[in-house]
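Below: the structure, in C-alpha cells.
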Amino acid sequence: MSIADTEIEQAGEDEWHSTACILCGTNCGLQVRLAGGNFSKIKGDKKNLRSRGYTCEKPAALGRYQANRERLTSPLRRRPDGGFDEIDWDTAIREVSERLAGIRDTYGGEKILYYGGGGQGNHLGGAYSAATRRILGMRYASNALAQEKTGEFWVEGQMFGGRPEPDFENAEVSVFIGKNPWHSHGLDRARVTLREISRDKGRSLVVIDPRRSETAELADFFLQVRPGTDAFCLGAMLGVIVQEDLIDLEFLSRHAGDGGPLLEALADIPVPEYCARADVPEELVRSAARRLAQAESIAVLEDLGIEMAPHSTLNSYLQKLLYTLTGNFGRPGTMNLGTHLGKLTGSSKSDRRTPVGGHRIITGLIACNHLADEILGDHPDRFRAALIESANPAHSLADSARMREALDALECVVVIDVVMTETAERADYVLPGSSQYEKPEATFFGGGFPDHVFQMRHPLFPPSEGTLPEPEIHSRLVAALGGYRDEDLDGLRSAAEAGLPEFGKAFMFALSERPEWAGIAPVLLYETLGRSLAPGLAPAALFWAAAQTCATTYADSVRRAGFEGEGQALGDSLFEAIISRKEGVVITSDPYEISFERIATQDGKIQLVIPELIEELEGLRDEHPVTDDPDYPFVLAAGERRGTTANTIMRDPRWRRKDFEGALRISTEDAEGLGIGSGDRVRIISKRASAESVVEVTDTLRSGHITLPNGLGLAYPDEDGKRVLHGVAPNELTASEDRDWLAGTPWHKHVRVRLEVVSTA
Ligand SMILES: Nc1nc2c(c(=O)[nH]1)N[C@H]1C(S)=C(S)[C@@H](COP(=O)(O)OP(=O)(O)OC[C@H]3O[C@@H](n4cnc5c(=O)[nH]c(N)nc54)[C@H](O)[C@@H]3O)O[C@H]1N2
Ligand SMILES: Nc1nc2c(c(=O)[nH]1)N[C@H]1C(S)=C(S)[C@@H](COP(=O)(O)OP(=O)(O)OC[C@H]3O[C@@H](n4cnc5c(=O)[nH]c(N)nc54)[C@H](O)[C@@H]3O)O[C@H]1N2
Ligand code: SF4
Ligand SMILES: [Mo]
C-alpha cells in the first residue's frame, strides 16, 4: 500500500482549520477556510500559543503558493535536447535510484551531495531524506543555513555548546543588529512586540543598521553604521563596556572561563577611532553601551546585515560578548538555552573538512560559497551528483552563473520541488512534491523559551495530481535501493495496530536484530507506525521517534509541560499530543536557571576566548573601510526583506501590488547626483555581471548605500503561458569568493557596484 492508494479527502469546507504560515520561519498560526482545493479565507489563529492571532500582511496571498501556475504534476526526465519528458512514478523511482546507485558504485556515495531539505515551513522532507542518504552512503550536505547562520553556529558552539534564544517579551533593552524584524520577523508577534517596547519608557530599543529601517524608526538608540563596519561599531561598544568597568564580574567569575586575552584586546580598543571608521557618533555609541550594561536584562538578535557582510563570524562573536560580558544569560528577558524536538543541524564540535578545498564544515554543512569549487575542476574527490530538495540554489546562492555551471557539470542532478524553479530547470530528474498544505509538515526552528511550543500542521488538501509527499518519495527510493522489503515489515505493522507501547518494543527489538535498519529508521517508521495513523498522517510517524528522544533528553522539562509516564510512555503521550493538537502544543517547560545546566562546553562554563577571532579583532587596527572606490562607488545590499518578499517561495509576481518589479532603493542624495528619480531605470554593474532595475528614491539610506529586494528575478508564466522575468535576481551580481575566511558565509549585503542611468522619465 502506498499513500497514493489511500483516499484522503480535502478537509471540510464549512469550518475553520488550524494551520500555519510558511512564508517566513516565524510560522504564525493561521485559521483558514477552504474551497475548491485552495484557501477561501485566511486569518490569524488566536489559539496559537505563540502568535496568538498575529500575522503580517503576507499570508493573505498564500493561495498563490498553493495554486502556482507551474506546480509540477508529474515526475520529469531530461531529454538530451534540454527539454523534459513526463514519466510515471515507478519509472522515476527506478531510474533515479539506478542512476544514484551507479554514481555510488563508480565513485563512492560520498560524491553525491545533498542540498536543502526544507525551507521556511517544511523540515520533514529533510528529516526523511536521512534514510535515502544513508542507503546511498552520502556523507556531505549543505543548505541555506551555510550562507547565513553557520558563522554564528560556530561561535555559539565554542562559547555555549548550544544556541541561546533571546527573550524580547521580557527584556528591558532589546538589541537588533543587521536585523529588521518589522519585515523579516524572526520573533513572535514582531510588530506588536516592537511597538510595546517603543511605547514603554522603561524599556529601550537599540538598532544597528546602515538603513533607517522600519525597526530603526522605533529605536531609542539608532546606530546608522557605514555598511560593512559593524566589527568596528561592536568593538567600540565592547571597548566602552570594558574600559568604563561596566562588565558583570560576578556573573563572569561564576559562569565563564578565563577571559584574560579577550579583555586585554577590548581594553586596547581605540573607541573614538573605531566610531569614526564606522561613522557613528561616539557619544551615541557610549550611551548605547552604557544603557546595555546597566539594564536589568537585555536580549540581542543578529541577522543577515552582519552575517552576510565583512567580518561576519567575528561580528557574531562580538554580538554574543555584548550580552555575555554584561551577564545577560539564564534569566527572564535575557538569553536562554531551550530544548529541541529534532535538530536542524549536526554537531558544532565536529572538525570535518570539505573533500576538495579542505574548508571547515560547520554543523555538518558545507559553506554554500564553496560548493561550486567542490564540484567544478578535476579534483578526484569532487562531487559528481546532487540530490536537491526544497531549495533553489541556482537562484539563492552566490554567483548564479557559476552555480548553473556547477549544476551542469554534475553527472546527475535530482530535484524535489513543488514547482519548476531555476534549479529544477537544470535537473536530470525532477520529482514533484505535494505542497506544504497537502501533507503533514512542521519546522524545527527554535520553539521558544521557557515554554517550547511545537506545531505539526495537518494536511488540508489531498496531494495534488501526480505529486507525492517527500516521506513517500524517500521511502520508495530506499526500498528501490534495497533498504527494506515490504514483507519484512509485517511484524512492525501489526505491532503498530496493537498500540504505541507494543510498537515501541517491537521497533527496538527489530533494530537490535537488524542494526542496518537504524540508518533508514525514518522510512521504516513511516511504513509501519505511519500506516496505522489516520489517513494522510503517515509522515507524522517520525515525530514518535523525535518525541521519544525529547522525552529521554528532557524528561523533567516534558513533565513540567504536563505530560506523564515513565520511559517510553512519556514519549508516547508527547507524541499523541503533537499529532492531535492542531494549533500547537507546549512540549517542554523550563525554569530560567536551567540555561546554566545546558551550557555544553567542556567545563560547563561559557568560553569567552576564541583565539582566531581575537586575532581578527586585533587586526582591525590596520583596516580602514574603503570609502572612495572609483570603479565601484556603491555598496549594494543584495537581498533586502520587504513586505512582499518571501525568498523564492512565492513566485507569482501579482502578489506584489506595490513594488511589482522590486525596485533598487537609493538615497535622495545619490539620486540627485545621478539626476534620477523614482521610476527611472539604472544598470547595476558588479565585478561579476550587470542587471537593469527600476529605482525608488528614499531618505532612509545613507549616501553610497543601495538595496535590492530578496528573492526576485523569478520567471513566471503570464496569462498566455509565456515565462516572464520580474525584477533582478540578486545573485547574478554576487561572487562566491566574497566570503568570510572562517565560515565561508557570503557578503551579499556588501556587493561593490557602480550605476549607469538607462532611462529617465
Ligand atoms: N518579508 C520577508 N521576511 C523574511 C524573509 C523574506 O524573504 N521576506 N526571509 C526570511 C529569512 S530566510 C531570513 S534569513 C530573515 C532575514 O532577515 P533580516 O536579516 O532582518 O533581513 P534583511 O533585510 O536581509 O537584512 C536586515 C537588515 O540588515 C541591514 N544591513 C545591510 N547591510 C548592513 C551592514 O553592513 N550592517 C548592519 N548592521 N546591517 C546591515 C539592512 O539594511 C536590513 O535592514 O528574514 C526572514 N523573513
Ligand atoms: N543575494 C542574496 N541571496 C540570498 C539571500 C540574500 O539576502 N541575498 N538570502 C539567503 C537566505 S537567508 C536564504 S534562507 C536562502 C533561501 O533560499 P533557498 O534555501 O534556496 O530556499 P527558498 O527560496 O526558500 O526556496 C525553497 C524552495 O522550496 C520549494 N518548496 C516549497 N514548498 C515545498 C515543499 O513542500 N516541498 C518541496 N520539495 N519543495 C517546496 C519552493 O518552490 C522553492 O523552490 O536565500 C539566500 N539567498
Ligand atoms: S510573520 Fe508574516 S510571513 Fe512570517 S510566518 Fe508570520 S504571517 Fe507568515
Ligand atoms: Mo534565511
Side-chain angles (χ1 to χ4, degrees), residues 19-30 42-45 48 50-51 53-62 65 119-121 143-149 152 175-192 207-217 222-234 278 280 301-312 315 319 368 391 396 443 445 625 635-650 662 665 700-702 705-712 730 747-751:
T19 184
C21 177
I22 57 157
L23 295 176
C24 87
T26 314
N27 303 131
C28 299
L30 298 179
I42 298 177
K43 64 178 185 185
D45 186 356
N48 185 287
R50 291 187 66 179
S51 57
Y54 176 92
T55 71
C56 71
E57 63 277 43
K58 289 189 286 300
L62 271 173
Y65 161 79
Q120 304 293 298
N143 64 38
L145 291 169
Q147 48 88 69
E148 49 177 329
K149 295 282 169 294
E152 183 178 38
V175 187
F176 296 102
I177 311 176
K179 170 81 196 167
N180 181 15
W182 185 270
H183 275 316
S184 67
H185 290 81
L187 52 137
D188 293 338
R189 305 158 56 79
R191 292 172 189 175
V192 174
V207 173
I208 307 181
D209 197 308
R211 177 175 166 260
R212 200 177 71 247
S213 66
E214 295 73 7
T215 308
E217 292 281 2
F222 171 37
L223 281 60
Q224 192 167 13
V225 282
R226 190 196 309 279
T229 61
D230 294 86
F232 293 99
C233 179
L234 295 169
V280 279
L301 186 61
E302 65 166 62
D303 215 335
L304 306 183
I306 59 170
E307 292 170 354
M308 290 186 171
H311 298 295
S312 62
N315 288 338
Q319 182 263 114
C368 297
S396 59
T443 60
F445 294 125
V635 170
L636 167 71
E640 183 174 76
R641 270 65 186 167
R642 297 184 185 169
T644 46
T645 70
N647 289 356
T648 67
I649 307 161
M650 291 289 273
R665 288 183 171 152
T700 60
L701 283 171
R702 296 171 52 107
H705 192 211
I706 54 179
T707 70
L708 270 177
N710 176 49
L712 271 80
W747 295 350
H748 290 333
K749 306 293 171 198
H750 207 79
V751 183

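Both backbone and side-chain heavy atoms feed into the values below; hydrogens, waters and symmetry mates do not. Both counts, for ligands and for their atoms, begin at 1 and track the order of listing.
Take Arg665 and apply the salt bridge (charged side-chain N to carboxylate O under 4.0 Å, His left out) test, not counting sequence neighbours, and it matches Glu640, Glu696. With sequence neighbours left out, Pro730 forms a side chain to side chain contact (heavy atoms under 4.5 Å, CB included) with His395, Ala638.
In this structure, the side chains of Thr26 and Tyr54 stay at 4.5 Å or more apart for every pair of heavy atoms. For the pair Asp303 and Lys149, the minimum side-chain heavy-atom distance is below 4.5 Å. Taking the side chain as every heavy atom from C-beta outward, Asp209 and Phe222 approach each other to under 4.5 Å.
Here the straight-line distance linking atom CG of Leu712 with atom OG1 of Thr644 works out to 7.5 Å at 0.5 Å rounding.
Between the side chains of Asn180 and Glu214, at least one donor-acceptor pair of N or O atoms lies under 3.5 Å.
The protein residues lying under 4.0 angstrom from ligand 1, judged by non-hydrogen atoms, are Cys24, Lys58, Gln120, Glu148, Gly178, Lys179, Asn180, His183, Ser184, Ile208, Asp209, Pro210, Arg211, Pro227, Gly228, Asp230, Asp303, Leu304, Gly305, Ile306, Gly639, Glu640, Arg641, Arg642, Thr645, Ala646, Asn647, Asn710, Lys749.
The two residues Ile649 and Leu23 make their nearest non-hydrogen contact at CG2-CD2, 4.0 Å. Between Ser184 and Lys179, the shortest heavy-atom contact is OG-NZ, 2.9 Å.
Around atom 6 (Fe) of ligand 3, the protein atoms of type N, O or S that sit closer than 2.8 Å are Cys28 SG.
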